[in-house]
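Please read the structure below before turning to the comments.
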Amino acid sequence: MLHTREIVQKLWDAQGYGNLAVWSDGTTAVIAPGENPERDGKAPLAVFKPIPLVAGFPLLDFATHDTALLEHIEATIREAGGEIERED
């Protein structure tokens, strides 16, 4: 199961290093733009671009509690057929 705030944390950490690929089993990886993100022949559910999503927040805590950001991540994962939950 994927957890929304964990993904936000990983997006925050990935800023300036690449995009964040997220697979249905919960694994993530920072990938370079244009890199093939397949693992064991499986494509990720989503590839998020960290800077447009989290760079506007002055602190990580603001990003992890922004309803619009959390809903965007959840919608993207669910539309790709994944399961995600928002931890308290």
Go through the steps for F48 and N19 under the test side chain to side chain contact (heavy atoms under 4.5 Å, CB included), then give the verdict.
-> CA-CA 6 Å; F48 293 104; N19 298 327; over 6 Å; no
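- Scanning all heavy atoms of the two residues, the minimum distance from I51 to G16 falls at CD1-N, 4.0 Å.
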Verify side chain to side chain contact (heavy atoms under 4.5 Å, CB included) between T28 and W23, making sure each step is shown before the conclusion.
-> CA-CA 6 Å; T28 62; W23 283 267; 5.6 Å; no
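- A distance-only check finds a donor-acceptor pair linking the side chain of E87 to the backbone of R5 [under 3.5 Å].
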Assess whether side chain to side chain contact (heavy atoms under 4.5 Å, CB included) is satisfied between I77 and T4, documenting all intermediate values.
-> CA-CA 10 Å; I77 296 296; T4 312; over 6 Å; no
Distance-only donor-acceptor pairs under 3.5 Å for side chains of residues 59-72, two or more places apart:
{"unit_1": "D61", "atom_1": "OD1", "unit_2": "H65", "atom_2": "ND1", "d": "3.2"}
{"unit_1": "T64", "atom_1": "OG1", "unit_2": "L60", "atom_2": "O", "d": "3.4"}
{"unit_1": "T64", "atom_1": "OG1", "unit_2": "D61", "atom_2": "O", "d": "3.1"}
{"unit_1": "H65", "atom_1": "ND1", "unit_2": "D61", "atom_2": "O", "d": "2.9"}
{"unit_1": "D66", "atom_1": "OD2", "unit_2": "A68", "atom_2": "N", "d": "3.4"}
{"unit_1": "D66", "atom_1": "OD2", "unit_2": "L69", "atom_2": "N", "d": "2.8"}

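- Between A21 and P37, the closest heavy-atom pair is CB-CB, 4.2 Å.
- Using modelled atom types, no side-chain atom of R86 and backbone atom of H3 make a donor-acceptor pair closer than 3.5 Å.
- One hydrophobic cluster holds both L53 and Y17 under the rule that ILVMFWY side chains link at heavy-atom gaps under 4.5 Å.
- Contact annotation: the side chain of L45 approaches that of L2 to within less than 4.5 Å [non-hydrogen atoms, C-beta and beyond].
- With hydrogens and angles disregarded, no donor-acceptor distance shorter than 3.5 Å links the side chain of R78 to the backbone of E83.
- Side-chain atoms of I73 and L11, non-hydrogen and from C-beta on, do get closer than 4.5 Å to each other.
- The closest donor-acceptor contact from the side chain of E79 to the backbone of T76 lies at 3.5 Å or more, if one exists at all.
- Checking side-chain atoms of N36 against main-chain N and O of E38 turns up a donor-acceptor pair under 3.5 Å.
- Between G26 and K10, the shortest heavy-atom distance links the atoms O-NZ, 4.5 Å.
- Checking side-chain atoms of Q9 against main-chain N and O of E6 turns up no donor-acceptor pair under 3.5 Å.
- Residues V47 and V30 fall into different hydrophobic clusters, defined by Ile, Leu, Val, Met, Phe, Trp and Tyr side chains chained together at heavy-atom separations under 4.5 Å.
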